[in-house]
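This report refers to the structure that appears directly beneath it.
Both ligands and their constituent atoms are indexed starting at 1 by order of listing. Heavy atoms only: backbone and side chains are in, while hydrogens, waters and symmetry mates are out.
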Amino acid sequence: MKNTDSYRHLRGESIYIDDIPEISGTLHAVVFDSPVAHGKIKKLDISKAESLPGVVKILTYKDIPGENQIGAIIQDEELFAEKEVHFTGEPIALIIAENKRIARDARKLIDIEIEELPAIINPVEAKEKESFITPPRSFKTGDLNTGSKKSKYIFEGTAETGGQEHLYLETQGSYAIPKENGNILLYSSTQGPTSVQQITARVLGIPMNMTEVDVRRLGGGFGGKEDQATPWAVMAALAAHLLNKPVKIVLSRHDDLRMTGKRHPYIADYKIGLSEDLKIQFYKVEFIQDAGATADLSPAITERTLFHATGSYFIPNAEITVYSCKTNLPPNTAFRGFGGPQGFFAIESAIQKAADELKIPAYKIQEKNLIKDGEIFPYGQIAENTEAVNSWKTADRKYNIKKHFKEIIKFNAENTKLKKGMSVTPLCFGISFTNTMMNNARALVHIYSDGSIGISTGAIEMGQGVNTKMKQVAANIFSISTNRIKLETTNTTRVANTSPTAASSGADLNGKAVEIACNSLLKRLKETAAELLNVKYEEISLKNEYIYHKNKKTDISWNSLVSEALIKRVKLSEKGHYATPKIYFDKTKEKGHPFAYHVYGTAITTAVVDTVKGVYEIEEVKIIHDFGKSMNILLDKGQIEGALIQGIGWVTMEEIRHNEKGQLLANSLSTYKVPDIYSVPKNVFIEELETEGSKHAILKSKAVGEPPFIYGLGSFFAVQNAIKAFNPDYKPDFTAPLTYEKVLLGLYQ
Ligand code: MTE
Ligand code: HPA
Ligand code: MOS
């Protein structure tokens, strides 16, 4: 089944924030932000800007009726800077005008004086100065000394990954409409409508029930709208609340790039020990995370780095520490993988480093250390139903890793201008919010008198196809056509207290809630049918929109059953609530069972480098992926392709650069290179691993949103290996992205 949105997307008919027909009198707002990374506000003069014809009002922190505080995990972020600014792009004021152009013109007329203070741009400096968001956090398992004694080989090094811009096609935006009696209807392009509702209530000083947040869909989120859709929504709500007029804010691409946080850059210092037979005996790693100026989601992202630091491997003795460092850059935030990819990159770099030193292919080390059932993750969870070895072996059987490696050696011996390299990337990604409390969801299902169905959930459709999956769940339970089912907008008055759609768990959590609600409805419908036919409940089933008795079709259709139920005054609306069973985590011990299950897979990547120009292509990526029992292979493969390309972009070309004053240099698509159609691998093969699936996955169809991002990492090592084939003196540093410039330098260093 195709994504139900695709037809309208293609025709340009889908509605995003900026497409919502405007109510007459709608005002438009533009944010005035800090031009410097750190400083004291000495003077803010808005008078000239405010007197520009068409400007209605300029708001600052002084206009906030409630708290000037938008921090979600830690309350350390002002909506509008009061006395100090902490990053370039930090909002200071909001200009509201008759149209956007006037608001932008007025922005130039605001007169600000800031006394600049020393800014920390580099997270290493932040660590030295102990400028932390939260105290350092560590996971420990086994004993490093024991591991060290058992190690014949010990290597150490550094692995570094850069930031990454989300580049959702729809920029951040919100449209606030005042309703009677001080209530507000808030359209927001957010992954977390409840956070928007909560923070709006806090800033406006009103109860949550006065704000209704409504979301049709997002033009992409990728984590960038889990937390950072909130400020713009709150600003629009504040302006609407104060002016009693509809107010819209849609950030321009430039403003969005400058004002929002990105993926966290990390620096990892590691030490790894291996025994003679290439078993990893210990791994010690210290991550320096560049969190930016405020906490945002960094404490949770820190946590997922800790969880994923040992990648797909069993490492008996490990010590993992993350320093979440406060710098004067925009607060970095959730981005597909949520700190996991940074952990994976470090362990894969450590293994590659060991392989380089031992002059063997990395796959020989990787294969020896894949986690198996019964082994324990550093966070205490016992590995169950692992598919690491199975997916590796399946990939090997299909694609013969050793033979492929030998063919590349042969190719390299016969070619000078072009050199090839390969890598293998095993995947093991934990599914559940690492914060146990967040793993719950609700759904509301109405069956209407004509047999059509309306479903509301807490899930946000952002292109990943969660609404399509919700339809499938309901259609499957009632055995009716998906055409009868509509996914309503995600709305805080219909489904309350939701977790954001994130952690790849949107379909699982909300799907299970839909399943629970639909099963209750099904039970009542079957009771109605049994009564109608005067037979036993157990003998009734629904199939293809008809009622079956003892597996024989009756003449009662879905529609007539629904009508009959209404005549009998049966309740045809239901709410489902789901909370993932079994999971827990004890933060005092840093041990527990945080994940409902893991997603596995193996990717084989081949890259080819042009040794004259220094350019490269990712020739091929072959993936064996553990979908469980995919409920929608078209959508799921789409997720893998998208995540793969996003991962490749991160490690090979996307480079977030700031100047020494902390101003973003990569502030447009001419200075920030993202993968385009020419940079995608020439061949991508994705095959399903035959597995049982997990009962915690919706219809045993495992979560797929973030995990395959990890497959992209293989392109970094494949390109490096191609360089090594040309230049035996190449001393790789494990610093991503591996841009064309670095490749050229590597070829001739
Ligand atoms: N796919 C599309 N097309 N657009 C997106 O914004 N976000 C990703 C992933 N796939 C995203 C996407 C991220 S970061 C997450 S957490 C999951 O989708 C969230 O959706 P799910 O929980 O329904 O998988
Ligand atoms: N993953 C993604 N987003 C989140 C998480 C997580 O584990 N926790 C809070 N937000
Ligand atoms: Mo995804 S980074 O959990 O929104």
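Distances between N or O atoms of Gly223 and those of ligand 1 include no value under 3.5 Å. Inclusion of Ala503 in the set of residues having an N or O under 3.5 Å from an N or O of ligand 1 is not warranted. Residue Met462 has at least one N or O atom closer than 3.5 Å to an N or O atom of ligand 1. For Asn435, no nitrogen or oxygen atom sits less than 3.5 Å from a nitrogen or oxygen atom of ligand 2, counting backbone and side chain alike. At under 3.5 Å, not a single nitrogen or oxygen of Ser504, backbone or side chain, sits near a nitrogen or oxygen of ligand 3. In terms of N/O distances under 3.5 Å, ligand 1 is approached by Gly506. Between Thr501 and ligand 1, no N or O atom pair is found at a separation short of 3.5 Å. Any N or O atom pair closer than 3.5 Å counts here, and Glu706 shares no such pair with ligand 1.
Atom 17 (C) of ligand 1 has its closest protein heavy atom at Gly705 CA, 4.1 Å. For atom 8 (C) of ligand 1, the closest non-hydrogen atom of the protein is Arg336 NE, 3.9 Å. The protein heavy-atom contact nearest to atom 8 (N) of ligand 2 is Phe433 CD2, 3.5 Å.
In this structure, Arg263 forms a cation-pi arrangement with Phe709, its terminal cationic atom sitting closer than 6.0 Å to the ring centre and no more than 45° off the ring axis.
Below 4.0 Å from some heavy atom of Gln191 lie the following atoms of ligand 3, by number and element: 4 (O). Set against the non-hydrogen atoms of Gln464, the atoms of ligand 1 under 4.0 Å away are 1 (N), 2 (C), 3 (N), 10 (N), 12 (C), 18 (O), 20 (O), 21 (P), 23 (O). For ligand 1, the atoms sitting less than 4.0 Å from at least one non-hydrogen atom of Gly221 are 5 (C), 6 (O), numbered in the order shown with element in parentheses. Close approach of ligand 3 to Arg336 is summarised as follows: ligand atoms under 4.0 Å from at least one heavy atom of the residue are 2 (S). Set against the non-hydrogen atoms of Glu706, the atoms of ligand 3 under 4.0 Å away are 1 (Mo), 2 (S), 3 (O). Remark: ligand 1 atoms within the under-4.0 Å shell around heavy atoms of Gly220 are 6 (O). Atom numbering of ligand 1 starts at 1 in the shown order; those under 4.0 Å from a heavy atom of Gly463 are 2 (C), 3 (N). The contact set between ligand 3 and Gly223, taken as ligand atoms under 4.0 Å from a residue heavy atom, comprises 2 (S), 4 (O). Close approach to Ala502 involves these atoms of ligand 3, each under 4.0 Å from a residue heavy atom: 3 (O), 4 (O). Near Ser504, the atoms of ligand 1 lying under 4.0 angstrom from a non-hydrogen atom of the residue are 16 (S), 22 (O), 24 (O). Shown in contact with Arg304 at under 4.0 Å from a heavy atom are these atoms of ligand 2, numbered in order with element: 1 (N), 6 (C), 7 (O). If you number the atoms of ligand 2 from 1 as listed, the ones under 4.0 Å from a heavy atom of Ala502 come out as 3 (N). Listed by number with element, the atoms of ligand 1 under 4.0 angstrom from any heavy atom of Ala507 are 23 (O).
Under the 3.5 Å distance criterion, with hydrogens and angles disregarded, no donor-acceptor pair is assigned to the side chains of Gln228 and Thr260. In the model, Tyr672 has a side-chain atom that pairs as donor or acceptor with a side-chain atom of Glu654 under 3.5 Å. With hydrogens and angles left out, the side-chain atoms of Thr691 and Glu387 include no donor and acceptor closer than 3.5 Å. No side-chain N or O of Ser174 forms a donor-acceptor pair with one of Ser188 less than 3.5 Å apart. Asn491 and Thr493 are linked by a side-chain donor-acceptor pair at a separation below 3.5 angstrom, with hydrogens and angles left out of the test. Side-chain atoms of Thr605 and Ser715 form no donor-acceptor pair, as typed in the model, at a separation below 3.5 Å. For Ser298 and Asp296, the side-chain atoms include no donor-acceptor pair closer than 3.5 Å. A donor atom on one side chain and an acceptor atom on the other are found under 3.5 Å apart for His308 and Arg304. In the model, Ser324 has no side-chain atom that pairs as donor or acceptor with a side-chain atom of Arg137 under 3.5 Å. Of the N and O atoms on the side chains of Tyr597 and Asp626, not one donor lies less than 3.5 Å from an acceptor on the other residue. The closest side-chain donor-acceptor pair between Asn632 and Gln472 falls under 3.5 angstrom.
Residue contacts with ligand 2, taken as heavy atom pairs separated by less than 4.0 Å, involve Phe338 solely via side-chain atoms from C-beta onward. Counting heavy atoms closer than 4.0 Å to ligand 3, residue Ala503 contributes backbone atoms (N, CA, C, O) but none from C-beta onward. By the criterion of a heavy-atom distance under 4.0 Å, the side chain of Met438, and not its backbone, is placed next to ligand 2.
Residue contact annotation: Ser505 has a non-hydrogen atom under 4.0 Å from ligand 1. Ligand 1 has Ala502 within reach: a non-hydrogen atom of the residue lies less than 4.0 Å from it.
Ranked by closest heavy atom to atom 3 (N) of ligand 2, the top entry among Arg336, Glu226, Met437, Gln191 is Glu226. With distances taken over non-hydrogen atoms, the option nearest atom 5 (C) of ligand 1 out of Tyr168, Phe222, Phe335 is Phe222. Within the set Glu170, Gln639, Lys469, the minimum heavy-atom distance to atom 1 (N) of ligand 1 is found for Gln639.
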Check the pair Arg494, Thr489 against side chain to side chain donor-acceptor pair (under 3.5 Å), reporting the backbone distance first and the verdict last.
CA-CA 9 Å; Arg494 268 177 271 120; Thr489 58; 2.9 Å; yes
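Within 6.0 Å of CZ on Phe685 lie more than 12 heavy atoms contributed by other residues, nucleotides or ligands. Around NZ of Lys673, the count of heavy atoms belonging to other residues, nucleotides or ligands within 6.0 Å exceeds 12.
Residues Phe139 and Phe307 bring their aromatic ring centres within 6.0 Å. Taking the six-membered ring for Trp and the full ring otherwise, the centers of Tyr168 and Phe222 sit at least 6.0 Å from each other.
A side chain to side chain donor-acceptor pair (under 3.5 Å) with Tyr266 holds for exactly one of Thr161, Thr305, Asp290; it is Thr305.
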